[in-house]
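Letters go in sequence order (proteins before strands), and every chain restarts at 1.
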Amino acid sequence: MDSNNLNEDFLFSDLEADESKAEENKGEEINITEELNDSVEQETVSYENESITEEKPDKTNLGLISFCLLIGSFAISGLGGVLSSMGFDSAMYGALEAIQGLMVFASFILMIITRVKYPKDGFGKAVMWLFIVGLIFLAVIIITLIVLCSSCANELHGF
Amino acid sequence: MNFMVFKMVITVHYWHVSPYMVCMIAAFVISYIIIFALLKKHNVEGRIIGLSLLMNIVFIGIGGKLYTFIFSYKCVIPQLYDSNFLNICAIPFSSMGAMFGMLVSIVGFNYINGTDSKLFWKAYALQLPLLYSISKIGCLLMGCCHGIPYEGILKVTYKAADGEVPFAIPEYNVFPVQLCETIAFAIIFAIFLRMYIAKDNYSVEMLCVICAITKGLLEILREEHIGHILNINQIFCLLVMCGAIAVFGFRKVKYFK
């Protein structure tokens with residue numbers, strides 16, 4: 001529904017439309033009936049959406065899956081550390097890191113979907129706060145790194 | 001007529017934290033505050049705006065790193081092995097990749113959210129001139145992206161401070177093209193912000209076309225442009241302009257069908 005709306009009146013604002021309506025309202029009844037039809041359609045659509053949300057339960061498995069993926073990525077990180085200390089080759093360690101990164105990314109996307117569509121889900125909230133705290137920690141670590149090893153950072157042209 | 005010629009002398013130090021990065025972070029913080037305020041004004045839930053901003057931050061980070069990792073793989077990988085740890089922080093950050101990441105995050109969030117996509121597009125597109133405008137102040141302080149040799153009003157003289165400087169700075173007086181870009185894009189931002197607040201009436205395509213024309217014209221005053229008819233940046237600007245006009249035409253045809 002929304003993509004159609006976007007395509008149709010992305011360029012033309014509501015206010016512009018209102019002005020044109022005000023001008024056209026003088027003699028033409030067709031536009032009014034069209035508007036009425038539109039409003040009726042919108043009402044039915046909103047009603048359908050409400051009915052769908054009423055039928056859906058507040059809890060969903062997406063938040064739980066996202067939480068499990070995040071915890072699983074931590075577990076894999078620990079497993080990689082154990083394996084490398086036992087003397088496994090670095091290629092396997094790299095593959096584990098790649099899997100871990102993909103799991104965190106999937107967990108993030110699932111968290112966003114859960115938080116947008118099911119705001120009351122507890123696991124979604126927990127994962128969101130974990131991500132926010134993680135981002136703050138990452139920012140603090142990067143700032144500390146820059147302050148402590150600024151010469152390395154300048155050589156790498158990084159950050 | 002010496003008394004009419006104003007002169008700017010900028011001393012470039014060996015910056016421990018590059019001013020470009022400080023300006024970039026400041027620009028992002030300011031633009032996120034503005035996005036939050038604008039969308040809040042249009043009665044979008046604070047939770048939804050916060051989630052979109054979170055997704056934007058994460059995708060910009062991933063996009064900026066991934067772009068460098070993909071397109072300069074051979075340069076990055078030996079460096080990583082030399083430093084003996086596979087650390088993501090060691091990969092340089094690319095602004096081009098950050099832009100792609102931003103685009104993907106807006107498309108993705110609108111797909112997930114499903115409503116108010118028009119408002120989100122307009123609010124995020126409005127920030128592009130602001131980000132560019134503020135980040136150019138960093139360029140002015142660093143001495144990179146400088147203008148053509150120039151002897152006139154507001155000429156810039158760069159001086160190296162004691163000790164080494166990260167890269168070569170111009171030894172002659174140059175045109176303050178970074179300052180021009182800052183002012184031009186700030187004016188564009190102000191005009192479109194007023195249009196967004198007052199009438200909620202501007203098209204993203206128009207913004208893209210105006211930004212591309214401004215950038216393409218100001219590119220002529222940069223030293224990199226000497227010896228070129230069309231710079232790589234100007235070709236990119238032309239592509240953006242053609243794309244925006246094509247999308248505009250496509251939508252208009254579809255609207256009047």
Side-chain angles (χ1 to χ4, degrees), chain A residues 1-19 45-46 49 90 93-94 97-98 101 104-105 108-117 119 124-125 128-129 131-132 134-136 138-139 141-143 145-159, chain B residues 14-18 21 25 45 47-48 50-52 54-55 57-59 61-62 65 68 76 79 81 83 86-93 105 108-118 121-122 164 166-167 195-196 198-206 247-248 250-252 254-255 257:
Chain A
M1 281 300 294
D2 194 64
S3 62
N4 290 329
N5 282 334
L6 176 74
N7 285 331
E8 279 173 14
D9 49 12
F10 187 70
L11 306 166
F12 302 95
S13 74
D14 299 331
L15 194 117
E16 210 177 55
D18 284 338
E19 282 175 4
V45 167
S46 60
N49 282 336
S90 59
Y93 189 59
E97 271 194 336
V104 173
F105 187 68
F108 180 76
I109 299 291
L110 282 177
M111 182 273 285
I112 295 279
I113 294 171
T114 317
R115 285 294 293 153
V116 169
K117 299 208 165 163
K125 276 183 195 174
M128 185 188 74
W129 282 110
F131 269 108
I132 290 173
L135 276 177
I136 292 168
L138 195 69
I141 287 168
I142 287 176
I143 288 167
L145 264 177
I146 290 170
V147 171
L148 291 181
C149 356
S150 58
S151 59
C152 312
N154 275 323
E155 277 173 17
L156 287 169
H157 302 290
F159 303 128
Chain B
Y14 183 77
W15 303 99
H16 284 284
V17 181
S18 89
M21 196 195 70
I25 289 172
E45 265 184 273
R47 175 174 57 87
I48 301 284
L51 283 170
S52 84
L54 184 65
M55 193 163 169
I57 294 169
V58 170
F59 270 69
I62 292 174
K65 297 284 182 185
T68 326
V76 168
Q79 211 176 43
Y81 278 116
S83 60
L86 193 66
N87 194 351
I88 294 171
C89 287
I91 302 174
F93 190 84
S105 91
F109 191 80
N110 281 334
Y111 183 74
I112 292 169
N113 190 19
T115 52
D116 296 333
S117 53
K118 211 164 71 174
W121 270 111
K122 285 184 176 179
E164 56 177 331
F167 53 87
M195 283 166 84
Y196 187 92
K199 295 192 269 178
D200 182 26
N201 177 22
Y202 87 87
S203 66
V204 175
E205 291 90 349
M206 199 161 78
V247 171
F248 185 85
F250 178 72
R251 288 218 169 104
K252 205 151 193 173
K254 211 177 170 186
Y255 188 80
K257 225 173 189 177

Task: Distance, nearest 0.5 Å, that separates CD1 of A:I109 from CZ of B:F59 - done: 3.5 Å

Task: chain A contact via B:F109 - which portion, at a heavy-atom distance below 4.5 Å - done: side chain

Open item on the list: Is any side-chain heavy atom of A:F105 closer than 4.5 Å to one of B:I62?
Closed with: yes

Open item on the list: So for A:I141, is it side chain, backbone, both, or neither that comes closer than 4.5 Å to the heavy atoms of chain B?
Closed with: neither

Open item on the list: Less than 4.5 Å to any heavy atom of chain A: does that hold for the side chain of B:I48, its backbone, both, or neither?
Closed with: side chain

- [ ] Mind listing the closest non-hydrogen atom pair of A:M111 and B:L54 along with its distance?
- [x] CE-CD2, 3.9 Å

Open item on the list: Nearest 0.5 angstrom please: B:I112 CD1 to A:L110 CG, how far?
Closed with: 9.0 Å

Task: Donor-acceptor contact present, side-chain B:R47 to main-chain A:R115, <3.5 Å - done: yes

